[in-house]
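Reviewing the structure listed below.
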Amino acid sequence: MANKQKIINIAVIAHVDAGKSTLVDAFLNQSGVFRDNEAVVDCVMDSDDIERERGITIYSKNCSVMHDDVKINIVDTPGHADFSSEVERIIKTVDTVILLVDSSEGPMPQTRFVLKKSLEQGINPILLINKIDKKDARIDEVVDEVYELFMDLEANDEQLDFPILYGIARQGIVVYDPEDVRDIQIGEEEKKIKKSARGMNGLDITPLFETIIKHANPYPDLNEEPLQLQVSALAYDDYIGRLGIGRVTKGVVKSGSTVAVAKEDGKIEQRKINQVFVYRGLKRMAVEQAEAGDIVVISGISDISIGETICDTASPDPLPMISIEEPTLSMYFMVNKSPFAGKVGKFVTSRHIRERLNKELEVNVGLKVEETDSTDSFKVSGRGELHLSILIENMRREGYELAVSKPEVIMRRGEQNQIQEPVEEVVLSVPDEYAGSVISKLNVRKGLMQEMKSENGFTRLEYLVPTRGLLGYRSEFINDTRGEGTMVRRFAKFDDYMGDIPQRINGVAIAQEEGVATPYAIFNISERVQMFIEPGTKVYEGMIIGMNARSEDMVVNPCKAKKATNMRAAGSDDNIKLAPARVFTLEEALEFIDDDELVEIVPDDIRLRKKLLKELERRRSRNIKTEE
């Protein structure tokens, strides 16, 4: 056999917005993946789930670059805690991780989470302090904070001896010493530094390539051993079906070969691999065979699942199964039955919704879908609001119409049969003057303060809060901190039920009839109501059009026109000045609604509505509840 190719697998781990995708752009640009005349988009590897049209997921998670004679596979990791189950599996396939930390923010909660998983796997990370050109950069303090974080996470001596690099990812620059960058910026202080993934002023990311090759030894030559390949991710292709993605830990995987698949229940079944793909740049290339150490994509095994090991038929040697974290939130997906149903969407029936959810299950392992008593409704469970709302947003963009209920927290039974609920770790940074109101709100929501410190006019709070208490809190938090606060949260553990938590205290304004909203009617209603609609919006009976200043719901008529009389002041109708309506994003809408309300999702709009559209039905339902 010819000399084995040297392979190193790396993952870039970081908090959201620290510059992961931009750094990967620089990797690809500076290793000759693109032709000189090729138009390249920013964040070419961005695995934003909204971009998940057919097949993109497959390319977005992995790519490879060549440096000298070493093939470096780069695995993109999601920065968001809702996708933590993906991060854990990805870490198992890499030799080292590049820990990317913002030069002013320092390590954030997600950084802590992914780093913990990496250290548990025995990986020795490389630290890259990014955005060192920021005005508020505090490089030395951030490095100290990272050392503290490593110690907190009980890193061993070898892991604590991590190499430190400094960079400006958007310019494609990495240096061994921050002073190297200061020299080039002296003459350019007045000019806005332009973005360039190719490097500039003679600086590029070569120091990072050199450090990776020196710090992480290429994968050992295990080609002669029997095959062992654990599937760590799934993808789906409309033409060749389900795909398994994983690293070849031992042996060689060949297209067209018969293999043994070690299933979750311990059974070993024979299957045939159709094709084997590896990554060259951003492209997935079909190859005859792939060697130990490489990350491969295989087709042909239609029931392959995460954690299963593909082995040699003669001597199967399965790896331990990968545990996938349980969902923490569930909501009901229903067929849209509003008066405006079917006017915009292409896919509106329960069959369409069922097929789409089943397709999502092929690749989205953190998701769970259950049938309900009603044929028009499905119970969908996931890792958090973001996890579920991204699925809904994808469906909306693909032309689906559906209605979804308020997210509910999934409880479970503890060892003593006590009820337990998911609890999240929340880190908040708020201007000092608003800290009091944030603390009191979180205390009401059964939050337990873990830490509080103040610096540079901002208070940093760390809390443990039940997931129930955080539903609907984000918009309140933004209002309380006048948009200046930041809140980051991630699932921490299941803990004993913490008691009742007060829900939304404001009632809503509900449209009385179908029609088109008029400026005259909205002007009169908006004295007591924060409006969610603009004049000219089509409404129907039972649709929620605003938030009442009081706690009870109020039925109003937003379609009322001004009575025509022969007494009219010139131009007075044109002078109605209305406050801008509050526009909801999907996540905000899901947070806002109450138990008796739904979010109606159609390709071009998101509406809020009552479950029971007619006022008489709502009254009857209330009376039945009070009698009970």
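Ionic pairing of Asp317 and Lys250 is present here: one or more N-O contacts between side-chain nitrogen and carboxylate oxygen are shorter than 4.0 angstrom. Contact check on Lys116 versus Glu120 returns a salt bridge, with a Lys/Arg side-chain nitrogen under 4.0 Å from an Asp/Glu carboxylate oxygen. Using a 4.0 Å cut-off between charged nitrogen and carboxylate oxygen, Glu269 and Arg271 count as a salt-bridge pair. A salt bridge links Glu360 to Arg356: one of the charged nitrogens lies within less than 4.0 Å of a carboxylate oxygen.
Here the CG atom belonging to Leu165 is positioned 9.0 Å from the CD1 atom belonging to Ile212, to the nearest 0.5 angstrom. Rounding to the nearest 0.5 angstrom, the gap separating the CG atom in Leu590 from the CG atom in Leu329 is 10.0 Å. To the nearest 0.5 Å, atom CG of residue Leu227 and atom CG of residue Asp312 are 6.5 Å apart. If you take CG on Leu208 and CD1 on Ile213, they are separated by 10.0 Å, rounding to the nearest 0.5 Å. Here the CD1 atom belonging to Ile301 is positioned 11.0 Å from the CZ atom belonging to Arg242, to the nearest 0.5 angstrom. Distance check: Ile72 CD1 to Asn9 CG gives 10.0 Å after rounding to the nearest 0.5 Å.
Of the residues listed (Leu127, Leu99, Asn156), the one engaging Phe150 in a side chain to side chain contact (heavy atoms under 4.5 Å, CB included) is Leu99, and it is the only one.
For the pair His215 (side chain) and Glu210 (backbone), a donor-acceptor distance under 3.5 Å is absent. No side-chain donor-acceptor contact under 3.5 Å links Glu393 to the backbone of Glu587. The backbone N or O of Ile139 sits nowhere less than 3.5 Å from a side-chain atom of Ser103 that would complete a donor-acceptor pair. Side-chain atoms of Asp294 do not come within 3.5 Å of backbone N or O of Ala290 as any donor-acceptor pair. No donor-acceptor pair closer than 3.5 Å links the side chain of Thr467 to the backbone N or O of Val409.
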Query - Derivation of the salt bridge (charged side-chain N to carboxylate O under 4.0 Å, His left out) call for Glu425 and Lys493 - result: CA-CA 9 Å; Glu425 180 187 331; Lys493 58 181 178 179; over 6 Å; no
Requested in this report: Evaluate side chain to side chain contact (heavy atoms under 4.5 Å, CB included) for Val143 paired with Ile129, printing each intermediate quantity in order.
Outcome: CA-CA 8 Å; Val143 171; Ile129 305 288; 4.0 Å; yes
Report task. Take Met331 and Val404 through the side chain to side chain contact (heavy atoms under 4.5 Å, CB included) test and state the conclusion after the steps. Result -> CA-CA 7 Å; Met331 56 172 76; Val404 297; 4.2 Å; yes
Query raised in the report: Stepwise, does the side chain to side chain donor-acceptor pair (under 3.5 Å) test hold for Gln270 with Thr258?
Result: CA-CA 7 Å; Gln270 289 217 347; Thr258 303; 5.6 Å; no
Query raised in the report: Should Ile295 and Ile245 be marked as a side chain to side chain contact (heavy atoms under 4.5 Å, CB included) after you check the CA-CA gap, both sets of side-chain angles, and the distance that decides it?
Result: CA-CA 7 Å; Ile295 289 178; Ile245 304 173; 4.1 Å; yes
Query - Ile123 and Val94: CA distance, side-chain angles, deciding distance, side chain to side chain contact (heavy atoms under 4.5 Å, CB included) verdict - result: CA-CA 8 Å; Ile123 285 171; Val94 298; 3.7 Å; yes
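Contact detail for Ala262 and Pro318: the closest heavy-atom pair is CB-CB, 3.4 Å. Shortest non-hydrogen contact noted between Glu371 and Arg354 is OE2-NE, 3.0 Å. When every heavy atom of Ala155 is checked against every heavy atom of Leu119, the shortest pair comes out as CB-CD1, 4.0 Å. Considering all non-hydrogen atoms of both residues, Ile268 and Ala260 come closest at CG2-CB, 3.7 Å. The minimum heavy-atom distance linking Leu243 with Ser299 is given by the pair CD2-CB, 3.5 Å.
Remark: Glu370 CD is packed, more than 12 non-hydrogen atoms of other residues, nucleotides or ligands lying under 6.0 Å away. Within 6.0 Å of CD on Gln418 lie more than 12 heavy atoms contributed by other residues, nucleotides or ligands.
At least one side-chain heavy atom of Leu470 sits less than 4.5 Å from a side-chain heavy atom of Val426. Using a 4.5 Å heavy-atom threshold, the side chains of Gln450 and Tyr463 count as separate. The shortest distance between side-chain heavy atoms of Asp95 and Arg247 falls below 4.5 Å. At a threshold of 4.5 Å between non-hydrogen side-chain atoms, the residues Tyr332 and Val380 do not count as touching. In this structure, the side chains of Val101 and Leu128 stay at 4.5 Å or more apart for every pair of heavy atoms. Counting heavy atoms from C-beta on, the side chains of Glu421 and Phe494 never come closer than 4.5 Å. Between Asn274 and Ser255 the shortest side-chain heavy-atom distance does not fall below 4.5 Å. Contact annotation: the side chain of Val12 approaches that of Ile74 to within less than 4.5 Å [non-hydrogen atoms, C-beta and beyond].
For the residue pair Thr249/Gln228, the side-chain donor-acceptor check at 3.5 Å is satisfied. There is no side-chain donor-acceptor pair under 3.5 Å between Ser330 and Glu408. Between the side chains of Asn130 and Asp102, not a single donor N or O lies within less than 3.5 Å of an accepting N or O.
For Lys263, the side-chain hydrogen bond (donor to acceptor under 3.5 Å, both in side chains) partners two or more places apart in sequence, or in a different chain, are Asp303, Glu308. Judged as a side-chain contact (heavy atoms from CB on, under 4.5 Å), and not counting sequence neighbours, the contacts of Thr328 are Arg383, Pro422, Phe491.
The aromatic ring centroids of Phe162 and Tyr147 lie less than 6.0 Å from each other. Checked against the 6.0 Å centroid threshold, Phe378 and Phe333 do not count as a close aromatic pair.
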